[in-house]
Protein chains: 2
Amino acid sequence: MQASPELKKVGQQAFEGADHLHSATVHLLRGLRIRDRESGIGPAQLSALSVLVFAGPKSLAELAQAEQVKPPTMSRIVAGLVRGKLAYMATNKDDRRAVVISATTKGINLMQEARVRRVESLARAVAALHESEIVLLRKAARIMEELSRKV
Amino acid sequence: MQASPELKKVGQQAFEGADHLHSATVHLLRGLRIRDRESGIGPAQLSALSVLVFAGPKSLAELAQAEQVKPPTMSRIVAGLVRGKLAYMATNKDDRRAVVISATTKGINLMQEARVRRVESLARAVAALHESEIVLLRKAARIMEELSRKV
DNA sequence: ATATATTAGTTAGCTATGCTAATTATATCG
DNA sequence: CGATATAATTAGCATAGCTAACTAATATAT
C-alpha cells in the first residue's frame, strides 16, 4: 500500500502499524457481526440500544451524535426500538421540545444477551491462545481504547 | 458484564480479554468509519471493492461469501460498482452461468485512496505513542488476524 | 411585550443494503 | 433426452443513511 505524502510525516513505522491494526480490527469484527442477526433487530437499533443501556438515558440529539448519524436517522431508529418495546420516550420537563429516551427492561435483557453472544465465539478463540498472548492482547486493548478517543 | 454458563468453560481470563478486545475494536472502528463517506460510495460497495482489489477477480457467489451476504444482495452491490465503472463483469468461459467480477483501474484508485484516508487519522494517533507501544500493537495485530480466521 | 431567530424533533422522499421467494439460463446426471 | 441441480438475477419487503422542509418550543432583541 502507498502512503500519501501527508502520511510520510507520521513515520513509516507508525503508518504500517496503523495499517495492520486497521486490517486486523476489520477482519475480527467481520466475523462477529453475523451473530448480531440472532438478536432479531437491525444493527443500528442494536448499537443505539447499547448506548442507552451502558450510558443511560439520552436525548435524541445526544444519541444521534453518539452513533454518528443525523437526527432524522436516529428518530427512525428510536421509533423502531419503541415499537419493539425495547426503549421508551418521555418529554424533558425542563425543555418540552426535547425527549428523554431510555431502555426498557426488555431492551436491557436483549442487549446483554446480544453482547454475550458476540463475545462468546471470540472468547473461545482467545482461550486457545498462550497465556502470554492473552496478556499482550489485554495491553493492546487498553492502548486501542486510548487511540479510539483520539482518532 | 455477566458471562453465560457456557462461557464459564473458556475461563474468566479469556472471557474478559475477549470482552475488552471487542469493545476496543468497536470503538476504534467507529471513529474511522466516518471517513469512508468521503469515498462517494456506500460501505458495502467499498468493502466488496476492497476484496476485488486485494484478492483479485471473483465470482458473485465467492464475493457474497467473502462479504457474508446472500447472492441477491451481492448482485445489487456489484450492479452499483459496475454502474460507477469501478468494476466490470465477464462471463466465465468454463461455466457460462457464472460471472467473473474484476475491479477497474478507477476502482483500484478509489479504493486505495479510501484506504489511505481511513488509516491516516489512525496513523497520526499511533505516531504519538511510545515506540514500545507501537511494537506491542503490531504483535497484537498479528494475533488478531489469526483470531479472525477462527471466530 | 411582542416579533424574530434559534433549537429539538419529526416527516417526506431519495438511495443503499439486508433478506426470502421466485425466475432464467446453464450444467450435470440417470 | 429428460430431470435435477446450480449461478445469477428479479421482485418485493424492511432497515438505515441522507437532505430538505415542517412543527413546536425556547431564547433573544428591540
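Order of the sequence lines sets the chain letters (A, B, ...), proteins ahead of strands, with each chain counted from 1.
The salt bridge (Lys or Arg N to Asp or Glu O under 4.0 Å) pairs that include a residue from residues 46-57 of chain B number zero, where partners must be two or more places apart or lie in different chains.
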Contacts under 3.5 angstrom, residues 73-93 of chain A side chains, donor-acceptor by atom type, not counting sequence neighbours:
residue, atom, partner, partner atom, Å
A/Asn92, OD1, A/Asp94, N, 2.8
A/Asn92, OD1, A/Asp95, N, 3.4

What side-chain donor-acceptor pairs closer than 3.5 Å can you find for residues 143-151 of chain A, not counting sequence neighbours?
residue, atom, partner, partner atom, Å
A/Glu145, OE1, B/His27, ND1, 2.9
A/Glu145, OE2, B/Ala24, N, 3.3
A/Glu145, OE2, B/His27, ND1, 3.4
A/Ser148, OG, A/Glu145, O, 2.6

All N/O contacts under 3.5 Å from nucleotides 1-4 of chain D to the protein, with atom names and distances to one decimal?
none

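Looking at residues two or more places apart in sequence or on another chain, you find a side chain to side chain donor-acceptor pair (under 3.5 Å) between A/Ser47 and A/Glu67. Every residue was checked against the salt bridge (charged side-chain N to carboxylate O under 4.0 Å, His left out) condition with B/Glu131, not counting sequence neighbours, and none meets it. With sequence neighbours excluded, no residue satisfies salt bridge (charged side-chain N to carboxylate O under 4.0 Å, His left out) with B/Glu133.
Between A/Ala18 and B/Val119, the closest heavy-atom pair is CB-CG1, 3.7 Å. What you find for B/Ser39 and B/Leu110 is that their closest heavy atoms are O-CD1, 3.8 Å.
In this structure, A/Arg124 fails the cation-pi test against B/Phe15, since its NZ or CZ atom is not both closer than 6.0 Å to the six-membered ring centre and inside 45 degrees of the ring normal.
A heavy atom lying under 4.0 Å from DNA chain D marks the following residues of residues 25-43 of chain A, by number: A/Gly42, A/Pro43. Sorted by residue number, the members of residues 80-105 of chain B with any non-hydrogen atom under 4.0 Å from DNA chain D read B/Met89, B/Arg97, B/Ala98, B/Val99. Near DNA chain C, meaning a heavy atom under 4.0 Å from it, residues 72-79 of chain A has A/Pro72, A/Ser75 in order of number. The stretch residues 59-70 of chain B touches DNA chain D through B/Ser59, B/Leu60, B/Ala61, each having a heavy atom within less than 4.0 Å of the strand. For the contact set between residues 45-52 of chain B and DNA chain D, defined by any heavy atom under 4.0 Å, there are no members.
Side-chain contact of A/His22 with B/Arg118: a donor-acceptor pair under 3.5 Å is present, judged by distance alone.
A donor-acceptor contact shorter than 3.5 Å is absent between the side chain of A/Lys106 and the backbone of A/Ala103. Side-chain atoms of A/Gln112 do not come within 3.5 Å of backbone N or O of A/Asn109 as any donor-acceptor pair. Without hydrogens or angle criteria, B/Ser50 side chain to B/Leu46 main chain gives no donor-acceptor distance under 3.5 Å.
A salt bridge is defined here as a Lys NZ or Arg NE, NH1 or NH2 lying under 4.0 Å from an Asp or Glu carboxylate O, and B/Asp36 with B/Arg117 fails to meet this definition.
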*For A/Arg35 and A/Leu32, run side-chain contact (heavy atoms from CB on, under 4.5 Å): C-alpha distance rounded to whole Å, both residues' side-chain angles, the deciding distance at 0.1 Å, then the answer.*
CA-CA 6 Å; A/Arg35 311 229 36 205; A/Leu32 300 180; 5.8 Å; no

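For the atom pair CG (A/Leu52) and CG (A/Leu63), the distance works out to 5.0 Å, reported to the nearest 0.5 Å.
By the 6.0 Å contact criterion, CD on B/Gln68 is enclosed, its count of non-hydrogen atoms from other residues, nucleotides or ligands being greater than 12.
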